[in-house]
Every structure is written in structure tokens, then in C-alpha cells.
Amino acid sequence: GDPEAGEMGLAAVPGRQAAFRQGLAAAVQYARAVGCPRIHLMAGRVPLGTDRAAVAGEMEATFIENLRYAADLLAQEGMIGLVEPINNRITDPRYFLNTPQQAAAILEKVGQPNLKLQLDLFHCQIMDGNLSRNLETYFPLIGHIQIAQVPGRHEPDSPGELNFPYLFGLLESLGYTGYVGCEYAPKGDTREGLGWLRSYWESRGLQHGGTSKTAE
């Protein structure tokens with residue numbers, strides 16, 4: 001979509017199907033060029049001046065239509081499509097997709113194995129909390145994890161509500177082997193802000209870079 005026009009994705013926006021397909025085609029080209037197998041299919045915002053409840057059915061139907069189209073296209077490329085719930089309490093009051101429950105229900109209706117849940121623990125905590133149970137419940141659907149401390153959206157070791165060493169351990173126990181995206185705003189220098197990761201590696205007996213000391 002057009003960010004300058006206030007758009008934040010188009011997948012669930014009625015009447016913008018053609019623009020969604022055009023944007024998806026461009027995204028596939030970029031993803032192919034850089035070897036990235038996953039593409040975030042952003043739902044978009046409830047149109048200005050409309051009531052969320054009044055347009056929810058039409059927006060969900062549009063979302064499902066576009067996700068089915070995307071799944072077919074991405075399957076030809078061996079790629080995964082991701083949908084991410086974004087909280088509407090702090091980050092974006094008008095974003096259509098807000099909770100993992102809503103995302104899971106839509107993914108079930110679409111019914112395509114190459115569409116997955118992008119679970120950002122920042123948004124999930126704000127909307128629903130209950131992170132341990134949500135990770136366990138939706139783990140089969142998860143294709144990507146993102147992290148940020150709540151409420152400041154800074155580094156995982158900054159003051160806040162979430163116990164990330166516990167959550168990382170839970171992800172490992174569940175068998176998660178994918179990437180964890182650092183979807184946070186550094187409080188200062190980006191490289192210095194990664195001290196939390198070095199500390200975490202050391203606490204697990206790993207060297208910087210995640211390699212085992214015993215292996216070397």
C-alpha cells in the first residue's frame with residue numbers, strides 16, 4: 001500500500017485486491033533476489049470513518065480471498081506467507097488483525113499449509129497476555145517469532161513485563177528452530193544494545209555467535 005496515504009498493508013482492505021496482487025508480485029521479486037523464504041502479508045487498516053464491527057465481515061472475506069491467492073503464488077516459489085496480529089491498543093487502533101485467536105481462525109478458513117502465524121510477543125502481550133499458553137496453543141501455526149519488551153518496545157533486557165530467558169527456554173522446549181526477529185527500537189546504539197544477546201549466549205554456555213564452546 002501507500003504509507004503516505006495512511007495505508008499499512010492491503011490484504012484485508014476491500015476494493016484494493018488489484019493493488020495487493022501488484023505489491024505481492026513485487027515482494028516476491030525482492031524475496032527471491034535476497035533468498036528470503038517468508039513474506040509478511042499485512043492485513044491493513046479499517047477504513048477511516050467506518051465502524052470496525054460494521055466492516056469486519058467484508059474485511060475478513062477480502063483477507064481470505066487475498067490469502068488464498070497469495071498462498072497459490074507463494075507455493076510456486078517455495079515461500080511461506082505470514083500474517084501478524086498487531087495490537088490496536090497502543091500501536092495502531094485501526095489495524096484489522098489484532099489477536100492470535102483472530103489470525104488462527106482466518107488461517108483455518110484459508111486452509112493452506114504455506115500460510116503461517118507471525119507471532120510478535122510484544123503485540124500478543126498487550127492484547128492478550130497469557131504468553132506461555134498462547135505459544136503452546138498456536139505453536140503448530142507459528143512461522144516466525146518477533147520480540148520486544150513491553151511496554152517500551154526496547155531491548156529484551158530493558159525494564160518491562162516480559163521474562164525473555166523464560167520465553168526463549170519455552171520456545172526451545174516446544175521445538176522452535178526458526179529465527180527470532182528483534183522487532184524493537186534500540187534505546188541507544190544498536191550494537192551496544194545487543195549486549196542482552198551476548199549475555200544470553202554466555203548463560204547457555206555458548207560463545208558469541210551461538211556456537212557451542214564444547215564443540216570447539
Side-chain angles (χ1 to χ4, degrees), residues 1-48 55 58-88 91-92 94-98 100 102-124 138-148 153 171 176-186 190-191 194 209-210:
D2 181 2
E4 293 185 3
E7 293 177 333
M8 193 172 173
L10 295 173
V13 181
R16 300 302 309 279
Q17 286 91 329
F20 169 78
R21 295 184 180 195
Q22 183 179 3
L24 176 62
V28 166
Q29 284 188 317
Y30 283 118
R32 189 191 301 133
V34 300
C36 180
R38 292 172 178 80
I39 294 179
H40 178 194
L41 306 168
M42 299 190 73
R45 290 169 162 156
V46 175
L48 273 173
V55 297
E58 183 182 9
M59 291 193 73
E60 180 176 297
T62 301
F63 203 14
I64 291 171
E65 173 192 345
N66 281 329
L67 289 177
R68 286 177 175 155
Y69 174 87
D72 290 341
L73 180 64
L74 294 176
Q76 299 171 26
E77 302 285 341
M79 294 178 181
I80 299 291
L82 300 168
V83 298
E84 178 190 10
I86 294 175
N87 81 83
N88 63 353
T91 301
D92 193 330
R94 289 171 45 218
Y95 200 75
F96 173 70
L97 187 67
N98 305 130
Q102 181 190 8
I106 289 171
L107 288 173
E108 183 178 1
K109 291 177 181 178
V110 176
Q112 296 297 326
N114 66 328
L115 295 182
K116 297 287 186 180
L117 173 64
Q118 178 169 304
L119 191 65
D120 188 322
L121 300 185
F122 173 82
H123 297 302
C124 188
Y138 298 111
F139 186 75
L141 292 177
I142 292 174
H144 186 56
I145 293 284
Q146 292 178 325
I147 59 169
R153 205 169 187 176
L171 284 170
Y176 184 69
T177 57
Y179 287 104
V180 173
C182 297
E183 185 83 348
Y184 61 75
T190 299
R191 188 177 297 273
L194 287 171

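The shown structure was predicted, so the numbers you read here are calculated from the model rather than taken from an experiment.
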query: What do the steps show when you test Lys116 against Leu141 for side chain to side chain contact (heavy atoms under 4.5 Å, CB included), and what is the final call?
result: CA-CA 5 Å; Lys116 297 287 186 180; Leu141 292 177; 5.5 Å; no

- request: Would you check, one step at a time, whether the test side chain to side chain contact (heavy atoms under 4.5 Å, CB included) holds for Ile80 with Leu115?
  value: CA-CA 6 Å; Ile80 299 291; Leu115 295 182; over 6 Å; no

task: Give the C-alpha distance, both sets of side-chain angles, the deciding distance and a yes or no for side chain to side chain contact (heavy atoms under 4.5 Å, CB included) between Phe122 and Gln146.
output: CA-CA 8 Å; Phe122 173 82; Gln146 292 178 325; over 6 Å; no

message: Under the criterion side chain to side chain contact (heavy atoms under 4.5 Å, CB included), I'd like the reasoning laid out for Leu10 against Gln17: C-alpha separation, chi angles, the key distance, then a yes or no.
response: CA-CA 8 Å; Leu10 295 173; Gln17 286 91 329; over 6 Å; no

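The closest side-chain heavy-atom distance from Leu73 to Leu24 is below 4.5 Å. Residues Pro14 and Met59 have side chains in contact (heavy-atom distance under 4.5 Å, counting atoms from C-beta outward). The shortest side-chain heavy-atom distance between Leu97 and Val83 falls under the 4.5 Å cut-off. A 4.5 Å side-chain heavy-atom check between Leu119 and Tyr138 finds every atom pair outside the cut-off.
Side-chain N or O atoms of Gln76 include none that pairs as donor or acceptor with a backbone N or O of Leu74 at under 3.5 Å. Panel note: side chain Asn88, backbone Tyr95; no donor-acceptor pair is recorded below 3.5 Å. Of the possible polar contacts, none joining the Glu65 side chain to the Ala11 backbone as a donor-acceptor pair under 3.5 Å is found. The backbone N or O of His123 sits nowhere less than 3.5 Å from a side-chain atom of Asn87 that would complete a donor-acceptor pair. Between the side chain of Glu7 and the main chain of Asp2, a donor-acceptor pair closer than 3.5 Å is present. Panel note: side chain Arg94, backbone Arg45; no donor-acceptor pair is recorded below 3.5 Å.
Annotation: cation-pi geometry not satisfied between Arg153 and Tyr184 (NZ/CZ under 6.0 angstrom from ring centroid, within 45° of ring axis).
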Side-chain donor-acceptor distances from residues 27-36 under 3.5 Å, at least two apart:
| from | atom 1 | to | atom 2 | distance (Å) |
| --- | --- | --- | --- | --- |
| Arg32 | NE | Glu77 | OE1 | 3.2 |
| Arg32 | NH2 | Glu77 | OE1 | 3.4 |
| Arg32 | NH2 | Glu77 | OE2 | 2.8 |

Could you list the donor-acceptor pairs under 3.5 angstrom formed by side chains in residues 176-183, with sequence neighbours left out?
| from | atom 1 | to | atom 2 | distance (Å) |
| --- | --- | --- | --- | --- |
| Tyr176 | OH | Ile145 | N | 3.2 |
| Tyr176 | OH | Tyr179 | O | 2.4 |

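In this structure, the separation between NE2 on His144 and CD on Gln118 is 5.0 Å, given to the nearest 0.5 Å. Rounded to the nearest 0.5 angstrom, Leu117 CG and Ile106 CD1 are separated by 11.0 Å. Note that CD of Gln102 and CZ of Phe63 are 8.0 Å apart. Values are rounded to the nearest 0.5 Å. Expressed to the nearest 0.5 Å, how far CG of Asp120 lies from CD of Glu84 amounts to 5.0 Å. Separating the SG atom in Cys124 from the CG atom in Asn98 is a distance of 12.0 Å, to the nearest 0.5 Å. Atom CG in Leu41 sits 6.0 Å away from atom CG in Leu67 (nearest 0.5 Å).
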